[in-house]
Amino acid sequence: METKIISINDMQKNMDSIREAATMLRNGQLVAIPTETVYGLAANGLDEVAVKSLYDAKDRPYYKAFSLQVADVAMVKDIAARVPDMALKLFERFCPGPITIVLPRKSSIPKRVTGGKSTVGIRIPDNEIALAVLREVGVPLAVPSANISAHPSPTSAKMVYDDMKGLIPLILDGGPCNLGIESTIVDCTGDEPMIIRHGAISEKEIMECVSREK
């Protein structure tokens with residue numbers, strides 16, 4: 001498979017490339033996209049065949065869940081069976097941004113995406129290219145880091161290409177990632193938020209946000 005890199009320098013001029021990526025994703029193909037944390041490898045999160053190809057491309061065990069990325073908070077309610085107040089506070093305070101919030105998943109979300117779990121991680125990336133692709137494709141995308149499992153997470157299109165050339169058809173090059181550190185993962189399925197993975201947003205910031213009165 002040939003791996004093509006398209007540089008996105010100007011959103012207005014490059015919308016055709018965004019549409020091309022969205023069409024590929026709707027058709028079950030994989031596309032690497034930039035985010036503010038690291039480059040992600042995107043697949044249609046509602047397409048079980050596409051999600052399987054995502055596991056295979058990354059050489060990732062099927063029991064390890066993928067999170068889903070969406071364009072805005074309105075799309076969260078299409079994925080989550082329940083969105084408690086503390087989760088809404090976190091979405092309102094930190095999104096778009098480097099936080100992944102774990103919630104109970106709706107039955108319409110394929111179990112393959114979540115590794116068979118009853119929960120799903122949801123993120124709204126703070127990157128105009130990623131958000132443009134999400135808006136254009138119109139479905140939640142499964143987006144782990146765009147690397148072979150156990151390899152370093154990529155912060156540039158070149159790192160993605162060096163690791164995954166021949167495995168994926170398209171990389172959208174948006175330049176280096178702003179943060180270069182993965183998102184903080186917060187489980188909001190219980191009575192209190194629980195940090196699953198430490199990342200760009202600190203535990204102190206998380207706890208201050210959820211304890212703040214509206």
Side-chain angles (χ1 to χ4, degrees), residues 25-33 35 37-88 90-91 94-125 130-131 133-134 137-151 153 164 167-168 182-201 206:
L25 288 162
R26 281 194 294 270
N27 290 337
Q29 294 177 280
L30 307 181
V31 177
I33 60 174
T35 78
T37 55
V38 298
Y39 272 73
L41 185 57
N44 183 340
L46 304 182
D47 182 338
E48 292 205 46
V49 176
V51 172
K52 181 181 183 301
S53 69
L54 186 56
Y55 277 105
D56 293 343
K58 284 182 61 67
D59 193 23
R60 180 182 175 108
Y62 292 144
Y63 65 84
K64 288 193 173 183
F66 292 132
S67 61
L68 293 176
Q69 292 192 8
V70 294
D72 51 46
V73 175
M75 289 183 70
V76 171
K77 295 175 182 178
D78 295 331
I79 298 171
R82 180 173 57 86
V83 186
D85 287 344
M86 63 178 165
L88 285 174
L90 293 172
F91 279 120
F94 296 112
C95 294
I99 186 170
T100 300
I101 299 173
V102 178
L103 296 170
R105 69 169 177 84
K106 281 192 171 179
S107 58
S108 56
I109 303 303
K111 288 185 178 179
R112 186 182 290 278
V113 172
T114 63
K117 298 178 179 67
S118 61
T119 58
V120 60
I122 306 173
R123 176 160 128 71
I124 305 172
L131 290 171
V133 171
L134 284 160
V137 75
V139 297
L141 297 177
V143 191
S145 55
N147 58 286
I148 304 297
S149 291
H151 290 196
S153 297
M164 308 209 74
L167 297 174
I168 62 175
E182 308 251 349
S183 67
T184 302
I185 301 179
V186 186
D187 188 331
C188 288
T189 59
D191 293 332
E192 298 290 336
M194 182 169 63
I195 307 297
I196 301 297
R197 181 180 72 192
H198 292 274
I201 298 172
I206 298 295

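Quick note: numbers below take in every heavy atom, side chains included, and nothing from hydrogens, waters or symmetry partners.
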Please check if atom CG in Asp191 has more than 12 non-hydrogen atoms from other residues, nucleotides or ligands closer than 6.0 Å. no

Partners of Thr184 by side-chain contact (heavy atoms from CB on, under 4.5 Å), sequence neighbours excluded? Val186, Ile195, Ile201

Let's go through Val102 and Ile185 carefully: what are the C-alpha distance in whole Å and the side-chain angles of both, what is the deciding distance for side chain to side chain contact (heavy atoms under 4.5 Å, CB included) to 0.1 Å, and is it a yes or a no? CA-CA 7 Å; Val102 178; Ile185 301 179; 3.7 Å; yes

Kindly write out the residues that satisfy side-chain contact (heavy atoms from CB on, under 4.5 Å) with Ser149, not counting sequence neighbours, or none if the list is empty. Lys58, Arg60

Applying side chain to side chain donor-acceptor pair (under 3.5 Å), run through Ser183 and Thr37 and close with a yes or a no. CA-CA 7 Å; Ser183 67; Thr37 55; 5.9 Å; no

Considering non-hydrogen atoms only, spot the tightest contact between Ala87 and Ile101 and give its length. O-CD1, 3.9 Å

Kindly assign one of parallel, tilted or perpendicular to the pair Tyr55 and Tyr62, based on the angle between their ring planes and the thresholds 30° and 60°. perpendicular

Could you check if a side-chain atom of Val31 sits within less than 4.5 angstrom of a side-chain atom of Val133, using non-hydrogen atoms only? no

Over all atoms of both residues, closest heavy-atom pair of Phe94 and Ile206: CE1-CD1, 4.1 Å

Looking at Asp78, I'd like to know if its CG atom is crowded, meaning that more than 12 non-hydrogen atoms belonging to other residues, nucleotides or ligands lie closer than 6.0 Å. yes

Would you say NZ of Lys77 has more than 12 non-hydrogen atoms from neighbouring residues, nucleotides or ligands within 6.0 angstrom? no

Contact summary for Gly28 and Asp47, nearest pair of heavy atoms: CA-OD2, 3.8 Å

For Asn44 and Val137, run side chain to side chain contact (heavy atoms under 4.5 Å, CB included): C-alpha distance rounded to whole Å, both residues' side-chain angles, the deciding distance at 0.1 Å, then the answer. CA-CA 9 Å; Asn44 183 340; Val137 75; 5.9 Å; no

Restricting to non-hydrogen atoms, name the atom on Ile124 and the atom on Cys95 that form the minimum distance, rounded to 0.1 Å. CD1-CB, 4.0 Å

With side chains defined as the heavy atoms from C-beta onward, is the minimum distance between Arg123 and Thr35 less than 4.5 Å? yes

What's the verdict on side chain to side chain contact (heavy atoms under 4.5 Å, CB included) for Leu90 and Met86, showing C-alpha distance, side-chain angles and the deciding distance? CA-CA 6 Å; Leu90 293 172; Met86 63 178 165; 5.6 Å; no

Side chains of Arg197 and Thr100: is there a donor and an acceptor less than 3.5 Å apart? no

Heavy-atom closest contact (Val76 atom, Leu103 atom, distance): CG1-CD1, 4.2 Å

Shortest non-hydrogen contact from Ala130 to Ile33? CB-CD1, 4.1 Å

Other residues, nucleotides and ligands only: do more than 12 of their heavy atoms fall within 6.0 Å of NZ on Lys111? no

